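In what follows, a structure is listed as structure tokens, so that the remarks can point back to it.
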Amino acid sequence: MASDDGTAQVRGWFAGRLPEGWFTGVPEIIRDREEIAVLGTLPDPPGEMDEGERAALIDGLIGRFREETRERRVEIAKEAERRFRQKVSWGVTCGGQAVMFTTLSVPVMTRLRQPERQVLDTLVAAGVARSRSDALAWCVRLVGQNADTWLAELRDALQHVDRVRSEGPDVNSRRMD
């Protein structure tokens, strides 16, 4: 997890660097060890239409934004990647629908005992996932969707721990007497 100070610096840089008019406000910056995700909000479409037409309009607005801003987003991402030494991904929210255009896929290794492997193998056998790797990703997404409140509280607690640590003594600089 990145420190508050680093994320605030990234958030400020993007707020100052992105062209005016791209989003309805300051984009959300989601940062982890490997990636900076920039998620901006597009203006909502008018609400006076049937559900199918509204969904098609939202898809069209998102597609148009993606195509019209591609070159500029790539330039900004390259600059940010050099500056912050992390990959940048992009996404938008429009009409309550969030779409990520580009995201980093990072391999994660884990050791599982037989009962845990059996869960993954059951998902593969049932056709829910193509492989154990896909099954594990599916499980993580499911937990993320169903535990949003708990995970948000946990992230808040970790931010508090980071703040307290940053205010404490520097344990890396030992005196050599």
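Positions are given from 1, in the same order as the sequence printed here. Just the heavy atoms: all of them, side chains too, but no hydrogens, waters or symmetry mates, feed the values below. Because the structure is a prediction, the values reported are computed rather than measured.
E35 places a side-chain N or O within 3.5 Å of a backbone atom of L104 that can act as its donor or acceptor partner. Looking at R11, its side chain never comes within 3.5 Å of a backbone N or O of V26 through a donor-acceptor pair. Without hydrogens or angle criteria, S131 side chain to D134 main chain gives a donor-acceptor distance under 3.5 Å. The main-chain N or O of D32 is found under 3.5 Å from a side-chain atom of Q86 such that the two form a donor-acceptor pair. Under the 3.5 Å distance criterion, the side-chain polar atoms of Q97 are left unmatched by any main-chain donor or acceptor of I58. Using modelled atom types, no side-chain atom of E167 and backbone atom of V164 make a donor-acceptor pair closer than 3.5 Å.
Two residues are said to be in side-chain contact when any heavy atoms from C-beta on lie closer than 4.5 Å; V38 and L18 meet this criterion. Contact of the V10 side chain with the R31 side chain is registered, since non-hydrogen atoms from C-beta on lie closer than 4.5 Å. In this structure the side chain of I76 reaches within 4.5 angstrom of the side chain of P19, judged on heavy atoms.
In plain terms, the two heavy atoms of C94 and P43 that are nearest each other are SG-O, 3.6 Å. The shortest non-hydrogen separation linking P27 to G40 is CB-CA, 4.0 Å. In plain terms, the two heavy atoms of Q9 and R83 that are nearest each other are NE2-NH2, 4.4 Å. Taking each heavy atom of P46 and L57 in turn, the nearest pair found is CD-CD2, 4.1 Å.
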- Message: Between L112 and L120, does the side chain to side chain contact (heavy atoms under 4.5 Å, CB included) criterion hold? Intermediate values first, please.
- Response: CA-CA 10 Å; L112 299 176; L120 300 181; 3.3 Å; yes

- Go through T110 and L136 one step at a time and tell me if the side chain to side chain contact (heavy atoms under 4.5 Å, CB included) criterion holds. CA-CA 10 Å; T110 188; L136 186 56; 3.9 Å; yes

- Test T93 against E28 for side chain to side chain contact (heavy atoms under 4.5 Å, CB included), laying out the working first. CA-CA 10 Å; T93 300; E28 180 180 7; over 6 Å; no

- Output, in order, the C-alpha distance, side-chain angles, deciding distance and verdict of side chain to side chain contact (heavy atoms under 4.5 Å, CB included) for V124 and R130. CA-CA 6 Å; V124 172; R130 294 182 311 238; over 6 Å; no

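Between the OG atom in S89 and the CD1 atom in I30 there is a gap of 8.0 Å [rounded to 0.5 Å]. For the atom pair NZ of K87 and CD1 of I36, the computed distance is 11.5 Å after rounding to the nearest 0.5 Å. Separating the CG atom in L39 from the CE atom in M100 is a distance of 6.0 Å, to the nearest 0.5 Å. Taking CD from E116 and CD from Q114, the interatomic distance works out to 10.5 Å, rounded to the nearest 0.5 Å.
Between E79 and R17 there is a salt bridge, with a side-chain nitrogen of the basic residue lying less than 4.0 Å from a carboxylate oxygen of the acidic one.
Considering only residues two or more places apart in sequence or on other chains, F14 meets the ring pair (Phe, Tyr, Trp, His ring centres under 6.0 Å) condition with none of them. Scanning for salt bridge (charged side-chain N to carboxylate O under 4.0 Å, His left out) contacts around R54 gives an empty result, with sequence neighbours left out. Applying the salt bridge (charged side-chain N to carboxylate O under 4.0 Å, His left out) rule to E153 yields no partners; only residues at least two apart in sequence or on another chain are considered.
A continuous path of ILVMFWY side-chain contacts below 4.5 Å connects V88 to V99, so both sit in one hydrophobic cluster. In the hydrophobic clustering of this structure, W150 does not group with V143; members are Ile, Leu, Val, Met, Phe, Trp, Tyr whose side-chain heavy atoms approach within less than 4.5 Å, directly or through other members.
Listed by first then second residue, pairs satisfying ring pair (Phe, Tyr, Trp, His ring centres under 6.0 Å) with a partner in residues 65-101 read W13-F84, W22-F65, F23-F65, not counting sequence neighbours. Pairs of residues two or more places apart, or lying in two chains, never qualify as ring pair (Phe, Tyr, Trp, His ring centres under 6.0 Å) while including a residue from residues 110-137. Residue pairs satisfying the salt bridge (Lys or Arg N to Asp or Glu O under 4.0 Å) criterion with at least one member in residues 57-70, sequence neighbours excluded, are listed as follows: E67-R70.
Within 6.0 Å of the CD atom in E34, the count of heavy atoms belonging to other residues, nucleotides or ligands exceeds 12. Atom CZ of R72 sits in a crowded spot, with more than 12 heavy atoms from other residues, nucleotides or ligands closer than 6.0 Å.
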